[in-house]
Every structure is written in C-alpha cells, then in structure tokens.
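Worksheet: one structure, shown below.
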Amino acid sequence: MNIKVSQSLPLNNYNTKQNITSFRTKDVISDSFQASTKTQNTQVSFSGSFFKTLFHKTPDIKTHFEQNEIPKEFAADISKGIKKVMGCNIPAKNFNNVMTPDELRQILPQLKEENFICSKKNQNSGVYNIDLDYQTSFSSGVENVFDILDNVSEYADSYYEKTGKDFVFALTDRDSLEGLQHALRIIGSNPEQFKHVKLIPGIKMSFAHKAPTSNIGYENSDMLIYGINPFSDNIVNFVETTIKNRKEMTVNFIKKVNSLYPEFSYSVIEFSKQNNLKYKKGYGVANLYWRAREYAETKGDTEIKSIEMVPKDIIAQANEILDELDQVYLGSDNDGYSALGSEIIKNEDVNKSIKEVFDEYSTHYDQRKGKVVSAAENLYDDMINCLSKEKEKPVLALASPYYFSHYFEGKNPESFDNVVRFIKDLCDDSNGMLTAFESVAPSYDLDSNLTPDKIKKFNNCMRENLNLYEVGGSFAKVKMQ
C-alpha cells in the first residue's frame with residue numbers, strides 16, 4: 001500500500017511540500033556563469049509496504065544510547081541553526097532523538113552486516129534495525145524528504161511495538177545539506193511522530209585520491225560522514241565552496257577552450273542544457289569536470305555516449321533544445337546514443353590541447369609533484385581538516401569501498417593487498433574519525449558486474465585486515481524487488 005504524507009505537521013510557514021525549495025541554501029557561483037542551475041526536486045510517491053512488516057522477536061543487538069539524551073550543546077546548536085537558516089524557533093529538547101557522533105560510536109561495535117539488510121526475513125526476525133545510506137531528491141535520490149520520513153516513522157513505530165527498540169536511520173545526500181536541514185526541521189516540529197526514530201545527520205562527500213593502476217593516476221571516491229551539524233558555518237562553507245569550485249571550473253574551462261578554438265562555438269549554456277538532458281543532474285554533483293571534458297572533446301564528433309538510455313518521452317524535448325543550438329539530434333532508436341552534427345572533424349592535436357587545458361582546471365595527477373592536485377574537487381586532507389574543526393568529530397566510513405580494488409590492484413582486482421594498505425593510510429591520516437567501511441552498499445546492488453561472492457570476499461578481507469566497523473544501507477535493493 002502507499003503510505004500517505006502527513007498534512008498535519010506544525011511547520012509554521014512550512015506547511016506544504018511545495019514550500020520545500022523556499023529555504024534553499026545560497027547558490028554560490030561565478031558571476032560569469034550564465035546557465036540556470038536550479039535543482040529540480042521531483043516529488044515522487046513511495047510505496048512503503050515493506051515498512052508494514054511486524055516482528056516476531058526482539059533483536060539481540062542492544063542500543064545503549066536509548067537511555068541517554070543528546071548533549072544539550074549539540075541539540076542547542078541544531079536549534080540555533082534552524083532559526084538562523086530557516087527562520088523558525090524549535091526548542092532544543094525536540095532534537096533529543098538526533099544522534100551525536102559519540103552515540104553512533106557506542107553502537108558500531110554491536111552491528112553486523114545483517115543488521116543493514118532490509119529483507120523480509122530480517123524484518124520478521126527483528127534483525128534489520130538500522131540504515132545508514134539513504135539519499136533524498138536533493139541529491140542522487142528520488143523520494144522527497146516528507147515521504148521518506150513518513151515511511152521511516154511508520155516503520156519505526158511498528159518496529160518499536162514488537163521489539164521495544166528505536167530504529168536508527170541516516171540521511172546521506174551527496175555533497176548537499178539541504179535535504180538534511182529540511183529533515184531536521186520536520187522532525188523537530190513534530191517530535192511525537194518521530195519518537196521511535198534515531199536520526200543520524202549525515203552527508204556523502206566525494207574526494208580525489210591517487211590510484212596508481214588507473215589510466216589517469218587518480219580517482220574520485222565517496223566518504224560517508226555521520227554526526228554532523230548541517231547548520232555549522234564550517235560545514236556549510238566547505239560544501240558551498242565545493243559546489244562553487246565545480247561550477248567555476250566548468251565555466252573557466254569552457255571559456256578557455258572556446259578562446260583556443262572559436263570555430264567550435266563552445267558555450268556554457270549549451271553544455272548546461274546538454275548536461276541536464278543527458279545526466280539529469282545540475283552542477284552540484286561530483287565528476288562534473290569529466291562531463292565538461294567530454295563535451296569539449298566530442299562536440300562535433302559523430303556521437304556522444306550517454307550514461308543511460310534516452311527515454312522516448314524526452315525526444316521532443318531534446319529536439320527542441322538542440323534545434324535552438326542548430327544541432328541535429330538522433331535518438332529514438334539508437335540504443336541510448338545521441339548525435340550532434342558532424343561538421344567539425346576529429347583532430348587528435350585538438351583533443352591533446354583540450355586535455356592540457358583540462359589539467360589546468362580539473363583534478364589530475366601531477367607527475368612532477370608526484371601527487372594528485374585539484375581545483376575542482378576535494379582532496380582527502382582538505383576534508384579531514386574541515387571535519388576536525390567541528391565541536392564533535394564526525395564518524396567516517398568509506399562508501400562502496402570495493403571499487404578501490406580496481407583503482408589499486410590493476411589486472412588482479414581481487415587481491416586487495418594494495419587496497420588494504422591504502423585504507424590503512426587513510427585511517428592513519430583521519431584524526432581518528434575514519435572507523436568504518438560500508439559492507440552493504442546500494443551502489444553494489446545496481447552494478448551488474450558484481451556478484452555476491454565478490455563482495456563477500458572483499459568484506460571478509462576488510463574484517464580480517466582492518467580494525468573497522470561495518471555500516472550500510474539496503475533500501476535501494478528492496479525497492480527494486
């Protein structure tokens with residue numbers, strides 16, 4: 001059955017889902033950036049029938065934080081932040097169900113892989129009691145914040161009824177704080193509805209790192225960060241600067257290649273429209289610079305590969321956009337590929353020059369310095385330095401760490417030796433914050449190249465060689481079934 005969104009939340013001036021974009025954080029961008037990048041937050045209804053399952057016994061895992069209230073300072077900081085950013089007063093006591101990093105550290109030693117797997121069996125037995133990787137429509141997810149929280153609260157109530165325990169849940173939008181800020185306001189405005197939910201405020205941040213066996217010498221990976229205050233000036237500035245750097249890199253790069261090859265008529269507006277059409281993402285996501293380089297190198301080539309099939313229902317929209325650009329769109333029956341006019345011939349010297357310009361503005365491995373440098377993405381040390389300044393140091397967990405095997409093991413991606421050494425170095429440099437790895441990752445479920453045996457082998461390697469706790473999330477897998 002479909003769980004309806006509550007319409008009775010006492011949200012003052014924030015009573016409807018339509019108002020969800022009215023409190024968006026400042027969109028920082030270069031003055032020269034001309035394209036519209038307003039985020040599209042599709043309101044998608046969510047079937048929450050799996051939240052209805054009743055449990056037959058109490059889980060063995062005990063949560064020690066249940067008897068402790070959140071430190072007054074942490075709750076007060078959230079309350080102050082909501083007033084400053086969103087303009088409403090919510091008492092600090094209403095955030096007693098928001099977990100601090102130390103509260104998460106208390107329960108991590110008790111958690112196992114099975115606790116993150118939302119199967120009917122684990123629900124029925126009461127084993128499934130935590131989910132730590134869930135994105136909203138503010139980043140890479142599809143559900144809006146209201147629907148997610150309504151479903152979580154209903155599931156948590158049924159879980160508590162059968163087990164006497166609260167359900168632990170984390171929102172971890174990619175490089176975005178907005179969804180979490182709205183979630184905290186909703187929860188704080190109606191603590192009774194969410195009294196059996198323990199929310200861990202989180203975020204998933206990308207970072208650039210070396211990758212010796214990669215063709216480019218570096219890669220981007222994701223870090224799950226738990227126990228943050230999303231209203232902290234330090235955190236907000238770091239995230240906003242990340243997005244700003246990505247946008248400005250794209251603008252400056254396209255302007256530079258257009259000055260070198262004006263006959264190509266490179267345009268920020270054109271890239272923006274193509275980017276939104278093909279990837280359905282704005283300028284806030286990681287790896288933006290790769291799409292900018294792809295745009296520069298393939299403009300005028302016979303075809304541009306899309307990362308997904310082009311739905312037939314957007315063909316008309318594509319034609320309209322590309323007609324404005326005097327381009328030709330071929331897309332209804334070509335297996336997910338689109339083509340832009342081929343008047344400009346391929347030229348290896350041109351692409352070499354583009355790569356040289358690209359290296360000036362983007363992430364790249366500097367052979368002379370022997371390290372990864374980046375003007376468009378966070379480096380690991382930058383992220384650690386920022387998080388170390390927080391009043392309470394967050395808990396860090398490597399997101400989808402299996403993919404490190406491809407970056408470090410080359411032709412033998414199942415050996416994991418270099419991966420273990422690299423992760424140990426990350427832990428040593430984390431100021432004690434990196435203490436977990438994601439053993440159950442939604443991205444694994446969406447990867448047709450991965451088998452359960454591969455992931456099992458990797459997870460066992462992590463358990464045997466690294467003193468890291470386990471985290472994970474599995475809602476994506478459940479929704480696909």
Side-chain angles (χ1 to χ4, degrees), residues 9-15 19-28 39 41 65 68-104 134-139 144-146 148-149 152 169-191 193-195 197-205 224-244 284 383 385-396 433:
L9 301 183
L11 298 179
N12 301 325
N13 295 324
Y14 189 66
N15 290 321
N19 286 335
I20 199 165
T21 59
S22 62
F23 294 99
R24 299 182 63 82
T25 54
K26 183 180 179 182
D27 184 24
V28 285
T39 302
N41 294 309
F65 64 82
N68 301 322
E69 290 189 353
I70 290 179
K72 184 176 181 180
E73 185 177 12
F74 189 74
D77 286 343
I78 293 176
S79 178
K80 292 176 183 177
I82 287 181
K83 181 177 181 180
K84 177 181 178 181
V85 175
M86 296 181 165
C88 61
N89 291 310
I90 301 177
K93 65 180 182 180
N94 287 20
F95 299 107
N96 282 344
N97 59 340
V98 179
M99 295 179 65
T100 65
D102 285 343
E103 288 173 328
L104 177 59
Y134 202 93
Q135 286 83 52
T136 77
S137 57
F138 278 98
S139 65
N144 63 69
V145 178
F146 281 89
I148 292 171
L149 292 182
V152 168
F169 185 78
L171 287 178
T172 54
D173 277 335
R174 293 177 180 271
D175 301 316
S176 174
L177 298 169
E178 293 172 284
L180 180 57
Q181 290 175 346
H182 291 302
L184 285 168
R185 174 167 179 163
I186 294 169
I187 289 173
S189 297
N190 194 357
Q193 179 183 353
F194 302 99
K195 62 184 177 182
V197 177
K198 295 295 183 182
L199 177 73
I200 306 173
I203 189 172
K204 183 180 285 188
M205 292 291 293
L224 289 161
I225 304 170
Y226 301 114
I228 64 169
N229 173 7
F231 302 101
S232 159
D233 288 340
N234 175 49
I235 296 291
V236 170
N237 290 338
F238 186 76
V239 174
E240 288 188 341
T241 300
T242 297
I243 306 305
K244 177 177 179 290
M383 184 170 59
N385 290 337
C386 168
L387 298 174
S388 297
K389 297 175 184 177
E390 290 298 287
K391 291 181 180 179
E392 298 189 47
K393 290 191 296 185
V395 174
L396 272 58
M433 292 183 287

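Numbers here are sequence positions counted from 1.
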Using 0.5 Å steps for rounding, measure from the [atom1] atom of [X] to the [atom2] atom of [Y].
X	Y	atom1	atom2	answer
Phe194	Asn94	CZ	CG	12.0 Å
Met86	Ser189	CE	OG	9.5 Å
Met205	Asp175	CE	CG	4.5 Å
Thr136	His182	OG1	NE2	8.5 Å

Indicate the atoms forming the closest heavy-atom contact of [X] with [Y], along with that distance.
X	Y	answer
Leu184	Pro230	CD1-CG, 3.5 Å
Ala92	Ala75	O-CB, 3.4 Å
Phe74	Met99	CE2-O, 3.8 Å
Val395	Pro101	CG2-O, 3.7 Å

Polar side chain donor-acceptor pair, Ser137 to Asn144, under 3.5 angstrom: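 Looking only at side-chain atoms, Asn144 and Ser137 do not form any donor-acceptor pair under 3.5 Å.
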side-chain hydrogen bond (donor to acceptor under 3.5 Å, both in side chains) partners of Thr242, counting only residues at least two apart: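 If we apply the side-chain hydrogen bond (donor to acceptor under 3.5 Å, both in side chains) test to Thr242, skipping adjacent residues, the hits are Asn378.
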Can you list the residues that meet the side-chain contact (heavy atoms from CB on, under 4.5 Å) rule with [X], with sequence neighbours excluded?
X	answer
Ala170	Leu132, Thr172, Ile200, Tyr226
Ser232	Asn229, Asn234, Ile235, Glu390
Asp102	Thr100, Arg105, Glu392

Between [Y] and [X], is there a side-chain heavy-atom distance shorter than 4.5 Å?
X	Y	answer
Val197	Leu149	no
Phe95	Ile82	yes
Ile203	Leu180	no
Phe231	Ile78	yes
Ile148	Phe169	yes
Leu177	Ile228	yes
Phe238	Leu387	no
Met433	Pro394	yes

Glu178/Asp173 under side chain to side chain contact (heavy atoms under 4.5 Å, CB included): CA gap, chis, key distance, verdict: CA-CA 8 Å; Glu178 293 172 284; Asp173 277 335; over 6 Å; no
Pairs flagged by salt bridge (Lys or Arg N to Asp or Glu O under 4.0 Å) wherever residues 76-101 is involved - sequence neighbours left out: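 Pairs touching residues 76-101 that pass the test: Asp77-Lys391, Lys84-Asp233.
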